[in-house]
Amino acid sequence: MASSTDDTPEGSEPSPEQQGRGGRRADGSRNRLLVIDGHSMAFRAFYALPPENFSTDTGQHTNAVYGFTAMLINLIKDQKPSHVAVAFDLDTPTFRSEEYTEYKGGRSKTPEEFHGQVDLIIKVMEAMRIPTISLDGYEADDILATLAYQAAGADWDVQVVSGDRDAFQLVNDRVTVLYPKQGVTNIPQMDAEAIEEKYFVPPHQYSDLAALVGESADNLPGVPGVGPKTAAKWIKLYGGLEGILENLDKIGGKVGDSLRANIEDVKRNRRLNRLLTDLDLPVDLDAMVSQHPDRSAIEDLFDSLQFNTLRKRLFDLFGEEESEEESDEQSAPPHVLLEEAGELTQWFAGTNQAQASVALATETTGGTTDVVGIAVVTSSAAAFIPLEPLDADAEKVLGDWLASTDAPKIVHDFKTVFKLISARGLHLAGEVDDTAISGYLIQPDRRSYELADLAQYHLRLSITASANDSSGQQALDLGGNDVASPAVVAAYAALQLSEHFAGQLVERGANQLLGGLELPLAEVLARMELTGVAVSVEGLERLLDDFSKTISAAGSEAYRIIGKEINLGSPKQLQTVLFDELELPRTKKIKTGYSTDADALTDLITKTGHPFLEQLLAYRDATKLRQTVEGLRKAVGDDGRIHTTYLQTVAATGRLSSTNPNLQNIPVRSDEGRRIREVFVVGHGRDGNPYETLMTADYSQIEMRIMAHLSGDEGLISAFLEGEDLHRFVGSHIFGVAPEDVTNAMRSKVKAMSYGLVYGLSSFGLSKQLAISVDEARTLMRDYFERFGAVRDYLRGIVEQARKDGFTSTIEGRRRYLPDLSSDNRQLREMAERAALNAPIQGSAADIIKKAMLGVDEALTQRGLRSRMLLQVHDELVLEIAKGETAEVEALVREQMAGAADLSVPLDVSVGTGASWHDAAH
DNA sequence: GCCGGAACGTA
DNA sequence: CGTACGTTCCGGCA
């Protein structure tokens, strides 16, 4: 606890001008209370920051929360209060509104975007351990006044933060008001002098002045014709409002008449604007002592609010004490150093069969990361094995243990660990848990599965440095704890986490998903990543040239047309040219103005035919392609292959994602784009032997098949059983024509709708996509559901069930939690509903191809084939086929992919081969 | 230097 | 007012 706020300085020097011993801190300085009018400052923040720039991806606006929190952090930093509290109004009537029903009337309705933000601010305050106070029947201002009165009485300094001028009456030599001038960053201090300068009266008479002048914010009309100057003159002359009332008849002129005519209003104003200082508050001053934030609560909350910079600023503010406070928790369990074969053998024998958590100590130099040591922690022992140096015998003992399937291991991020140690020729097996994956299965929509984050969240355990980022200098010092400690801590944390997760995995029925699918898949993915895919560097360079030519041609033509050079990659500059200078019709509105995306531009072309648009689109296309190619060229490794990284814990539905580079979004839809697939080619083995061909194998219409299976719709199922063109089949039923009479237009409508259903498409969305009227779209959907009613029932049931359970499930039992299904924010709720429609389908497809990958890998290994899997693109696998293995591999791939799930419809797999990815497509 | 927004590639 | 991703560029802000 922060000792600086200890307010009982017993044993220390007594203060000279004691008014009460509570008024002093231990170091002799006065206590300083910061109290904030929550609502008024939340509103200020709300209007200072545009709501559209501050919202979570679930649609909750956070501008007021952000602004409020930022303001608070700044205030704490600048003012260094020893005590902090925030007061809020309640929605209930106050004595003011009871007396005067129009009180604060005439205010425009609270904007929709403000909704829910006060609750969030209160949550932030809880996480920051700052008391929030509200009192039935009273306003926040009265609470502020009471607190200011109490604190000043105890000889504290008080700062009242409020956007309400009534607070000025509280100012005295102990109390100042921080009154925001504009926004929430500019909050000047109003002391007695400042108030007198501005309103010509001392603070204790401000309320008299306000009663005369009126306060429009509170809907309190004053005396017409009387402004601050006149009011101040009277106040000075008669010593205050009381004196004025006694001398009413002496005041001459028109304003005097006006005053007499409105004197009841003035009296009422004065009654209403007097703040109460004698409330019975549920919290006393000592409870407001400034505390460190609840770190894990802040982490959770700021995660969901998507506040990243604020999080840092907040922790920086409390930074020093933080590390001190938690240093105990961060220390590694005591561990032994194992350096010789004998020591290793003995230690591992001692921990035989116990689940052992393994973590690496690594060192990164010039972009490459090397393993420098391995930490092993069990429930009863901990060891660290430095790899540099490690003699051959000892390395053999270690290698055998790591590779042993009989030695159960817990790892965090198995795939990365597997890849790192494989660079040293070591193999990792026997894994029984990967805490990153467990964490993901339990909570698939987390932002991060970093060990430190999970440990903090689930265990309230703080670990500072991750095992992976010991700095170079320390890493060399293998004798000390510098390298060992973070790795041992990491292994320790993973062990604790694994225990913590075990029960939850069982509860959720996720054990099979972990042990039977994700864990073995992690190793398959690791090998795919290590293998990489061969590319033709010359091919990439040729494309770079070609696309560059297109870019400069389209660019200069575009510049010629508009008569100047702008940055065609800047939507902002484009907006100026298109809508201000060329005066083209406005497109759909976006946050920053009007859209210039491809849809909007195409639309403009049909409307105006302006030649600039065509060049712009060509320029955009070509730059996008060049970017892709450029990214690929930079990613080619020394082995002439591109090694992507698959992320197994990112997509909330259970899909993989691919990064660095992303090989799951290589163009395929346009001719020019497909040229990029030509540079992905068949390559050589590590032994230098060439492979024979690439093979692609993909599921056709897997999502619609899953939809047919899950819904049990007889019509859809028979479509797949008959093996007919799905969209033609569906089209023939909806439009009531023979399959062969389904036109292309009909087919594409049906296709769009079928896929749209998987995403929770509305008739509005469908109409936009197909450029038809909403009416026509609605009819189309009605006909569709009339014919395939079980689909509609299924989709409805999904959302209902999910609302009841709180989650959706895939065919393998993978869950996605959707708490927003019961949100009272419509936008949030509808987003969650669409996610609920999609998650079981997209997720089941992910389950299926993951199972297929395990099957294919296993079959390849079992048959001793050299052919290998290279890529996965959601419903497609790319393999590299060794000489003479084409037929056998094709057969096994078909078998494994088709057999990966037992659905009520067949899983159709199409396979192609060729020298390039493009040629292998079918 | 960081971060959000816009745009666009894939399934 | 259609789900799930990753990357790049721009421009405002610190």
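So you know, we letter chains A, B, ... as the sequences are listed, proteins then strands, and number each from 1.
- Side chain of A/Asp820 to main chain of A/Ser823: no donor-acceptor pair is present (N/O by atom type, distance under 3.5 Å, no hydrogens or angles).
- With distances taken from any side-chain atom of A/Arg620 to the nucleotides C/dG11, B/dG9, B/dC8, the minimum falls on B/dC8.
- Note on A/Ser763: nothing from the nucleic acid sits closer than 4.0 angstrom, heavy atoms only.
- Between A/Leu761 atom CG and C/dC1 atom C1' the separation is 9 Å, expressed in whole Å.
- A/Arg626 has its CZ atom 15 Å from the P atom of B/dG9, to the nearest Å.
- With hydrogens and angles disregarded, no donor-acceptor distance shorter than 3.5 Å links the side chain of A/Thr659 to the backbone of A/Asn662.
- Taking the ring centre of A/Phe547 as origin, the terminal cationic atom of A/Arg626 falls outside the region bounded by 6.0 Å and 45° from the ring axis.
- Closest to the side chain of A/Lys572, from the set C/dC10, C/dG12, C/dC1, is C/dG12.
- In this structure, CG of A/Asn63 is placed 17 Å from C1' of B/dC3, rounded to the nearest angstrom.
- A donor and an acceptor atom, one from each side chain of A/His643 and A/Asn660, are nowhere located under 3.5 Å apart.
- Among the heavy atoms of the strands lying under 4.0 Å from A/Ile666 are primed sugar atoms or P, OP1, OP2 only; no base atom is included.
- Using a 30° and 60° split on the angle between ring planes, A/Phe788 and A/Tyr784 fall in the tilted class, from 30° to 60°.
- Rounded to whole Å, atom P of C/dC10 lies 15 Å from atom CD of A/Gln575.
- Counting to the nearest Å, the P atom of B/dA7 and the CG atom of A/Asp599 are 11 Å from each other.
- A cation-pi arrangement is present between A/Arg815 and A/Phe807, with the terminal nitrogen or guanidinium carbon under 6.0 Å from the aromatic centre and inside a 45° cone about the axis.
- At a threshold of 4.0 angstrom between heavy atoms, the contacts of A/Glu703 with the nucleic acid are absent.
- Comparing B/dA11, B/dA7, B/dA6 by their nearest atom to the side chain of A/Ser595 picks out B/dA7.
- Heavy atoms of A/Ala845 sit nowhere under 4.0 angstrom from any nucleic acid atom.
- Within 4.0 Å of A/Ile590, counting heavy atoms only, lie sugar-phosphate atoms of the nucleic acid but no base atom.
- Straight-line distance from the CG atom of A/Leu613 to the P atom of B/dA7: 14 Å, rounded to whole Å.
- If you take CG of A/Leu625 and P of B/dA7, they are 18 Å apart, rounded to a whole angstrom.
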**OP:** Determine, for nucleotides 3-9 of chain C in 5'-to-3' order, which nucleotides have protein heavy atoms under 4.0 Å from the base (write B), from only the sugar-phosphate (write S), or from neither (write -).
**Re:** BBSBSSS

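- Within the 4.0 Å cut-off from OP1 or OP2 of B/dA11, at least one side-chain nitrogen or oxygen of A/Arg669 is found.
- Remark: C1' of C/dC10 and NZ of A/Lys591 are 16 Å apart, rounded to the nearest angstrom.
- Using modelled atom types and a 3.5 Å distance limit, the side chains of A/Arg620 and A/Thr596 yield a donor-acceptor pair.
- Side chain to side chain, A/Ser448 and A/Asp453 meet the donor-acceptor criterion of an N or O pair below 3.5 Å.
- In this model, the phosphate group of B/dG9 is not approached by any side-chain N or O of A/Thr628 to a distance below 4.0 Å at OP1 or OP2.
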